[in-house]
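Down below is the structure, laid out as structure tokens.
Every chain is numbered from 1 and lettered A, B, ... according to where its sequence line falls, protein lines coming before strand lines.
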Amino acid sequence: MDKYQPQDIEQAWYETWETNNYFAPSGNGTPFSIAIPPPNVTGTLHMGHAFQHSLVDSLIRFHRMKGDNTLWQMGTDHAGIATQMIVTEQLAAEGKRPTDLGREKFLERVWEWKETSGGTITSQLRRLGASLHWETERFTLDEGLSRAVLEVFVRLYEDGLIYRGKRLVNWDPVLKTSLSDLEVESEEEPGHLWHLRYPLADTPDQYLIVATTRPETMLGDTAVAVHPDDERYTGLVGKEVILPLTDRRIPVIADPYVDREFGTGCVKITPAHDFNDYDMGQRHELALINILNDDATINDNAPQKYRGLDRFEARKAVVADLERLGLLEKTEDHKLPVPRGERSGVVIEPYLSDQWFVKIKPLAEPAIKAVEDGDIEFVPRNYENTYFVWMRNIQDWNISRQQWWGHRIPAWYDADGNVYVARSEQEARAQHDLSDDVVLSQDDDVLDTWFSSALWTFSTLGWPEQTPELETFHSTDVMVTGHDIITFWVSRMIMMTLKFIGEVPFKKIYVTGMVTDAEGQKQSKSRGNGLDPLDIIDGISLDDLIAKRTDNLMQPRMAERIAKNTRKEFPDGIKAFGTDALRFTFYAIATRSRTIRFDMNRVEGYRNFCNKLWNAANYVFLNTADKPFSQNDEAADVVDRWIVAELHRTIAAVNQAMETYRFDLAAKALYEFIWDEFCDWYVELTKPILNSPDVPADLIEAKRYTLLSVLEQILRLAHPFIPFMTEEIWQQIPAQVRSQGKTIMLQAYPESDAARIDEQAISDVAWIKDVVTGSRNIRGEMDISLAKPIPVIFSNGSDEDQRRLEEYRSLLTFLIRPSDIGWLEPDAPKPPASTHLIGEMELLVPLAGLIDKDAEIARLDKEIERKEKEQQRTEGKVGNKNFVEKAPPEVVAKERDKLTEIRSALAKLRQQRADVVELE
RNA sequence: GGGUGUUUAGCUCAGUUGGGAGAGCGACGGCCUUACAAGCCGUAGGUCGCAGGUUCGACCCCUGCAACACCCA
């Protein structure tokens, strides 16, 4: 075999798998299905994706190998706002605006962009080894899914669960669309608190002072509010104040919502431009005065001089004018949460407009119940809380977006403003008996992208048709996703699927942690700390990485800092580690933690692990190729029985880990078995046998078989995690050992057989390991090279020890490289020696001339000190009456045994020390 | 302000019914031992955030505090 070079093997195998249709569901096994969280069709793969999809792929491959009828449904999302923004930017570079093209032409342009860039994400998924069922790949805007969207919208409308109304919504004044609460991100930013004087109508020389962070909205004030119990203002409730800069008189009202501690305890009420004020306005039947246009400039409802000003210019003008009039009490610095559009980054405006909403409470109730009843289970469990808190306080969902790219709302209006909702214009006409001369125009808005993704698990399977796929694969088994998307997507899928299919979309939700950079910072383009998974697979030079991270930044001034940090973190760029190593890293770090710092050193470590397995396979092939081997349990020795036992323990551990979504434990079990047991011990222990002329042929043949067989099982066991190299190696296993199949992908997953776990073999090999480790310790401590043979003498051994030494003498000889190995004569004095304890037995390496007396004494002192501490602690326990009386008897017995052992060991160590001191 | 989570070796993290503190990387020392130097052998390093409590016994359970992170308002 050649050196391990992942790039030489990975891509070719993926093509083979795909062209042979191995990813397709098949057989009559239990259906197992997962729907991919649809990536944005024009997007690229980031670390979070790679992480999630790697986890899913292991589950899919695991279940496929277990014989389940397994489907991983592929599809992409049209990502309404994100995609429209990209194309709008492209147009801007040509000096055009979407309106210059018009709706039709603009959409053509977006479809073109989708065609050219839509392949990126799918080819990246292939590089990752994702065994997706590409044949039934779907897209949220394709015909079938659009039909599902239409159907759902119309039925919800018919059930009275969709309504249209003028409401205060989150308005993005740059994109000129409404956004749902979830698309708005609030962060604290420095600002000011202005204290304004509002003169009382009856006595204009007196005034109330209101505190506000948004003085320009005072132009739309329709009341001033105080707390009903606030004694400072009780006399004023019901009176009026004069709203400065306008000629309006507005009432003073009392409402318990007012925070008496904030500012002066007196707040201005602007129902058309603040969500809380809107609610209060509803309670008190206040007028709504909208003072903004859709681009956040001041409109004609405001006094002449402010009209047309941008909101922030208007703020300055209002403050200046109030100050000139002596109506500005004071200005304070103040931090306040500022809402910004998730996509555009601009300050969001509460804005009054006509929108479509889903009445959500009736849908939320069964969705809450499904989780309460355990029909859907969160893994880890505690994410249920996030879900419940969100669902129990859920607000109606604004689903209309003033965009073009998306599912157009199936509502038509006649000249009188009557609205007709139907699956098509024809249906609308037919249902309402409208003659052809009634002119209908369709609603210009499209639906929130999440509306179509909410239908994902069943729309991709053909709904509203009752397809065999829907019948077989729905509900899906598990949804793997990040916690950031529970509210956006997971909760909405649960609601919609329960409503339209009557069953849950998935039985389990595995919530992954969030992959951050080494500093624990969220990875993002603007921070310039993002990693492209393919750069870890293929490698990238430092210069290319910097170029990639600083290219096309929203804030170009960040470029220098990003370059500096990148140079510091990756001084030599990133090496090509290959997909298998990257994937294995993901499993190893998939702990229950919420954030996962991605550490490139670990990728390197797991690349080394892949290399280790590769080389072990090389060893197996070198020693079995063109040589006879045969399965022969009678001829196999204790070491063979031991490695099989360890293999079966590992098989059990991996299976259990996968059933419980503990990918980290699965990875750990594989890593430790393959490296620590198979490579470091088993392979070493085969060497003296395979190359010795004195060993019976049937043992050698049995051992060759064990090597091949254990390797073959390791490959199947590890395949879901490191699919490429396991396939590559598996193909080279002789057919007699590996069955006649064409691919490892479709072989049976190993199952643990308790009968193969031979405890006697395990304890014998543990003894061998102890003896070898003991002699290695002595060599290590004394700096004696393996090239220099050392005499080894045992003393005080039991019958069992004697048997084992006889039986394993040749193995020990090979591993220890002694000049001589044997028992101390019964009455002979112990020679001066470096020593090691193996239970009751002592291992002596008499090195009269070579021994470093001081070093040996120091080593023994340390050992004695350690044992003394342990003795003290154990004596304390055993001597404690309470412990002896109250602790379980087996624990007490265990402690007593331990104490006996410690005492015996201590006595020996002290004797050894005395012996060494005696040396001249 | 409310909620959730985190705090274990220099770094990144395991530690699943409360009963002997672990791994990888890094550090140090020694090895080209015919699968692998992307390797092998060995060594050092931790009052398990702080303070109480429960218990015969606490990294683990309870209370409080601190720092950090995220979510919601």
Completion exercise
From the candidates B:rC56, B:rA35, B:rA21, the one with an atom nearest any side-chain atom of A:R873 is B:rA21

Exercise for the section: Determine, step by step, whether A:E659 and A:K508 satisfy the salt bridge (Lys or Arg N to Asp or Glu O under 4.0 Å) criterion, reporting the C-alpha distance in whole Å, the side-chain angles of both residues, the deciding distance to 0.1 Å, and the verdict. Expected result: CA-CA 12 Å; A:E659 301 289 354; A:K508 290 217 160 64; over 6 Å; no

Handout entry: Contact letters for nucleotides 8-18 of chain B, in which S counts primed atoms plus P, OP1 and OP2 and B counts the base, heavy atoms under 4.0 Å
Key = ----SSSSB--

Exercise for the section: Using a 4.0 Å heavy-atom cut-off across all strands, classify A:C610 as base, sugar-phosphate, or nothing. Expected result: nothing

Practice task
For A:Y4, report the nucleic acid contact type (base, sugar-phosphate, nothing); a contact means any heavy atom under 4.0 Å.
Solution key: base

Practice task
Go through the side-chain N and O atoms of A:Y705 and A:D640 and say whether any donor and acceptor fall under 3.5 Å apart.
Solution key: no

Practice task
Using only side-chain N and O atoms of A:K687, determine if any of them is under 4.0 Å from OP1 or OP2 of B:rU33.
Solution key: no

Handout entry: Pairs where residues 601-613 of chain A contributes a residue and the test salt bridge (Lys or Arg N to Asp or Glu O under 4.0 Å) is met, not counting sequence neighbours
Key = A:K575-A:E604, A:E604-A:R607

Completion exercise
Whichever of A:C679 and A:E604 has the more 5' nearest nucleotide on RNA chain B, that residue is A:C679

Fill in the blank from the handout: Whole-Å distance, A:Y387 OH to B:rC70 C1', equals 21 Å

Problem - Sugar-phosphate only, base, or nothing, as touched by A:V683 at under 4.0 Å among non-hydrogen atoms - result: base

Practice task
Show the numbers, then the answer: is there a ring-ring contact (aromatic ring centres under 6.0 Å, His included) between A:F663 and A:F586?
Solution key: CA-CA 9 Å; A:F663 303 95; A:F586 285 134; over 10 Å; no

Exercise for the section: Tell me what A:K881 touches on the nucleic acid: a base, only sugar-phosphate, or nothing, going by heavy atoms under 4.0 Å. Expected result: nothing

Problem - ring pair (Phe, Tyr, Trp, His ring centres under 6.0 Å) partners of A:F378, counting only residues at least two apart - result: A:Y387

Side-chain donor-acceptor pairs of residues 891-900 of chain A under 3.5 Å, sequence neighbours excluded:
| residue | atom | partner | partner atom | Å |
| --- | --- | --- | --- | --- |
| A:T900 | OG1 | A:R896 | O | 2.9 |

Problem - N or O in side chain of A:N777 less than 4.0 angstrom from B:rU43 OP1/OP2 - result: yes

Exercise for the section: Give A:N385 one of three labels, base, sugar-phosphate or nothing, depending on what nucleic acid heavy atoms sit under 4.0 Å from its own. Expected result: nothing

Exercise for the section: Using only side-chain N and O atoms of A:N608, determine if any of them is under 4.0 Å from OP1 or OP2 of B:rG39. Expected result: yes

Handout entry: For A:D255, salt bridge (charged side-chain N to carboxylate O under 4.0 Å, His left out) partners two or more places apart
Key = A:R283

Exercise for the section: Using atom CG of A:D676 as one end and atom C1' of B:rC40 as the other, report the distance to the nearest whole Å. Expected result: 13 Å

Practice task
Would you write the dot-bracket representation of RNA chain B, where each base gets (, ), [, ], | or . depending on whether it forms a Watson-Crick or G-U pair under 3.5 Å and with which partner?
Solution key: (((((((..((((.....[..)))).(((((.......))))).....(((((..]....)))))))))))).

Completion exercise
Here the residues of residues 863-872 of chain A within 4.0 Å heavy-atom distance, strictly under, of RNA chain B are A:R866

Problem - Residues in ring pair (Phe, Tyr, Trp, His ring centres under 6.0 Å) contact with A:Y278, at least two apart in sequence or another chain - result: none

Exercise for the section: Output all residues satisfying ring pair (Phe, Tyr, Trp, His ring centres under 6.0 Å) with A:F724, sequence neighbours left out; order by chain, then residue number. Expected result: A:W17

Exercise for the section: Could you check whether A:R594 gets within reach of a base, just the sugar-phosphate, or nothing at all, counting any heavy atom under 4.0 Å? Expected result: base

Problem - salt bridge (Lys or Arg N to Asp or Glu O under 4.0 Å) contacts in which one or both residues fall within residues 379-388 of chain A, not counting sequence neighbours - result: A:R381-A:E384

Problem - Results of ring pair (Phe, Tyr, Trp, His ring centres under 6.0 Å) for A:W614 - residues two or more places apart only - result: A:Y4

Problem - Selection: residues 883-891 of chain A, any non-hydrogen atom under 4.0 Å of RNA chain B - result: A:F883, A:K886, A:A887, A:P888, A:V891

Handout entry: 4.5 Å side-chain heavy-atom contact, A:L613 and A:F678
Key = no

Exercise for the section: Pick base, sugar-phosphate or nothing for A:N393, based on heavy-atom distances below 4.0 Å to the nucleic acid. Expected result: nothing

Handout entry: N or O in side chain of A:W390 less than 4.0 angstrom from B:rU4 OP1/OP2
Key = no

Handout entry: Most 5' of A:E895 and A:K3 on RNA chain B, judged by nearest nucleotide
Key = A:E895

Problem - Between A:S709 and A:Q713: side-chain donor-acceptor atoms closer than 3.5 Å - result: yes

